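Notes for the one structure printed next.
When a residue number appears, it is its place in the shown sequence, counting from 1. What you see is a predicted model; the values in this text were computed from it and never measured. The figures that follow rest on heavy atoms only: side chains count, while hydrogens, waters and symmetry mates do not.
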Amino acid sequence: MLGAGVLGLPFAMSQLGWGLGTTVIVGSFVVTLYTLWQLVEMHEIVPGKRFDRYHELGQHAFGDRLGLWIIVPQQLIVEVGTDIVYMVTGGQSLKKVYELLCTSAHHCKDIRLTFWIMIFASVHLHLSQFPNFNSISAISAAAAAMSLTYSMIAFFASAFKGASSHSSNAASAVDYALKATTTAGKAFGVLNALGAVAFAYAGHNVVLEIQATIPSTPDQPSKKPMWKGVVVAYALVALCYFAVAFTGYYAFGNAVTPNVLISLEKPKWLVAAANLMVAVHVVGSYQSGLSPQSPQIPAGFDPCIVFAMPVFDMMETVLVKKLEFTPGLRLRLIARSAYVLATMFVGMTFPFFDGLLGFFGGFGFAPTTYFIPCIMWLILRKPKKYGLTWIINVFCIIIGVLLMLASPIGGLRQIIHDVKSFKFYS
């Protein structure tokens, strides 16, 4: 649950303001916790059968063909979009570490962000060749620890910065007016911020795969321990997301950068450590996955599921089944390297953390997180029409659909705005 999207929440606050920003972040917390509970409950909605993947539940609700076409494209958008964002995040974090530790006394040269993204991508060219997630489980474990730690560093460093600013004459420099100055800019900024918040709440895409790893019996169904895990996860989400969002905005106001750790400067060693942790985290998150055997792949071919791994799974499935490639090292080397280089190229071309969050948050994350679980719940559970449960689900569906339609517009506009002052590959 704790992803790099948390670092964009203070910037989202700068586009929404205190009142609307707090409402959106807390409201999204409540809505996504509810839809996550729905997925956990529907995992074994048919006695004796477990829906171990999101698309399997979708096929049960919408029909085999329609369910596949509704769910799988959305999952691909989430996975590819996240990997592009993580390419940019990793490059920015490495660049920040270099700038903090390499002072003028060291006669360091300025290295363009493009090269840092390439350096970050080179790590994935090697890691992507591991056959499954079990091969890189240590990296994933480190990534999980890193996300919690850098969130707390961002919180405490921002709180210290804010307290220092407000206790001195520098308090007047913290401006809490909306970041944009024009009416159109404010409107598009709100849309972009909504997408950035949606991007932060991104655990739904893999919840059924995680629950599939938990043993289940009629007396002890998997939903009981799974829900305990969800509660713990969301307690940490509340701790980190609310703390980082509010203290980051408190410290910098509308001057906060799209990634709050880029705004922080002191203490140098701690901010540098936090950015290095971000880089480690997104390395693990880019590659990470679970590994239930896919029935669509020939026996002995071990795919994995979650950000880059599911894309590898799908690519290699198509190449093996449709184009009759032979599973093995050569296929893995070509297909996975091509994917890593493609996400690197897009990240190098559009290294705009703010716009990418808004665009992919609305276009990809809003459907799988905010409203598809509610639609499936109405189809499968059939609550009483106009009853409380029915009204809650319809409300979430309306909010989610509006978010999906509106946020990409704000994100795309933010990217276009950033491009105006950007020299490609510079």
Side-chain angles (χ1 to χ4, degrees), residues 1 20 22-64 66-71 74-75 78 194 197-198 200-212 214 216 218-235 237-238 241-242 361-362 364-407:
M1 286 301 302
L20 183 58
T22 302
T23 301
V24 168
I25 291 174
V26 175
S28 291
F29 175 88
V30 174
V31 169
T32 57
L33 179 58
Y34 173 66
T35 55
L36 193 54
W37 170 79
Q38 289 180 315
L39 290 174
V40 171
E41 288 289 318
M42 289 188 288
H43 178 70
E44 295 177 276
I45 195 169
V46 177
K49 182 177 177 60
R50 303 182 71 174
F51 297 103
D52 293 342
R53 299 188 182 188
Y54 206 131
H55 72 78
E56 291 177 1
L57 183 60
Q59 287 176 292
H60 178 65
F62 301 116
D64 287 343
L66 182 60
L68 207 61
W69 281 102
I70 289 175
I71 303 299
Q74 291 296 332
Q75 288 188 299
V78 169
L194 293 175
V197 173
Y201 293 96
H204 296 56
N205 204 46
V206 296
V207 64
L208 295 177
E209 284 86 350
I210 295 172
Q211 192 169 348
I214 299 175
S216 183
D219 295 331
Q220 284 293 328
S222 62
K223 66 182 182 181
K224 291 184 178 180
M226 184 65 187
W227 178 242
K228 292 179 181 178
V230 169
V231 170
V232 173
Y234 257 75
V237 165
Y241 283 25
F242 298 164
F365 287 83
T368 55
T369 303
Y370 286 78
F371 68 86
I372 287 180
C374 296
I375 295 175
M376 293 192 294
W377 187 268
L378 293 178
I379 293 173
L380 299 176
R381 284 298 178 94
K382 297 179 173 58
K384 182 181 178 181
K385 196 171 183 180
Y386 304 117
L388 179 60
T389 301
W390 186 88
I391 291 173
I392 291 173
N393 280 277
V394 170
F395 174 77
C396 292
I397 291 169
I398 293 172
I399 294 297
V401 171
L402 292 175
L403 187 62
M404 179 188 69
L405 296 175
S407 294

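The residues Glu44 and Lys223 are annotated as not salt-bridged, no charged nitrogen and carboxylate oxygen being separated by less than 4.0 angstrom.
Between Leu403 and Phe365 the shortest side-chain heavy-atom distance does not fall below 4.5 Å. Pro221 is not listed as a side-chain neighbour of His43, based on a closest heavy-atom distance of 4.5 Å or more. For the pair Leu194/Leu402, no side-chain contact is recorded, criterion being any heavy-atom separation below 4.5 Å from C-beta on. Between Ile397 and Ile372 the shortest side-chain heavy-atom distance does not fall below 4.5 Å. The side-chain heavy atoms of Tyr201 and Phe29, taken from C-beta on, include a pair separated by under 4.5 Å. Here the side chains of Thr32 and Tyr234 are in contact, with some heavy-atom distance below 4.5 Å.
Rounding to the nearest 0.5 angstrom, the gap separating the CD1 atom in Ile25 from the CZ atom in Phe242 is 8.0 Å. Put simply, CD1 on Ile45 and CG on Leu57 are 7.5 Å apart, with the number rounded to the nearest 0.5 Å. Considering OG of Ser222 and CG of Leu208, their distance stands at 9.5 Å, rounded to 0.5 Å. Distance check: Ile214 CD1 to Gln220 CD gives 11.5 Å after rounding to the nearest 0.5 Å. Taken from CD1 in Ile375 to CZ in Phe62, the straight-line distance is 5.5 Å, to the nearest 0.5 Å. Separating the SG atom in Cys396 from the CG atom in Leu378 is a distance of 10.0 Å, to the nearest 0.5 Å.
Legend: residues meeting side-chain hydrogen bond (donor to acceptor under 3.5 Å, both in side chains) with Gln74, ordered by chain and number and at least two apart, are absent. Ile399 is linked by a side chain to side chain contact (heavy atoms under 4.5 Å, CB included) to Phe395, counting only residues two or more places apart in sequence or in another chain. In this structure Gln38 satisfies the side-chain hydrogen bond (donor to acceptor under 3.5 Å, both in side chains) test together with Tyr34, Asn393, sequence neighbours excluded. Residues that satisfy the side chain to side chain contact (heavy atoms under 4.5 Å, CB included) test with Leu20, not counting sequence neighbours, are Leu16, Val24, Val190. Val46 is linked by a side chain to side chain contact (heavy atoms under 4.5 Å, CB included) to Lys49, Phe51, His60, counting only residues two or more places apart in sequence or in another chain. Under the side chain to side chain contact (heavy atoms under 4.5 Å, CB included) criterion, Thr22 pairs with Met13, Trp18, Val26, Phe246, sequence neighbours left out.
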Output, in order, the C-alpha distance, side-chain angles, deciding distance and verdict of side-chain contact (heavy atoms from CB on, under 4.5 Å) for Val232 and Lys228.
CA-CA 6 Å; Val232 173; Lys228 292 179 181 178; 5.7 Å; no

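Sorted by first and then second residue, the side-chain hydrogen bond (donor to acceptor under 3.5 Å, both in side chains) pairs involving residues 366-390 (not counting sequence neighbours) are Ser28-Tyr370.
Side chain of Gln211 to backbone of Val207: no donor-acceptor contact under 3.5 angstrom is found.
Thr35 and His204 share a side-chain donor-acceptor pair at under 3.5 Å.
Between Ala366 and Gly400, the shortest heavy-atom distance links the atoms CB-O, 4.1 Å. In plain terms, the two heavy atoms of Pro373 and Pro367 that are nearest each other are CD-O, 4.0 Å.
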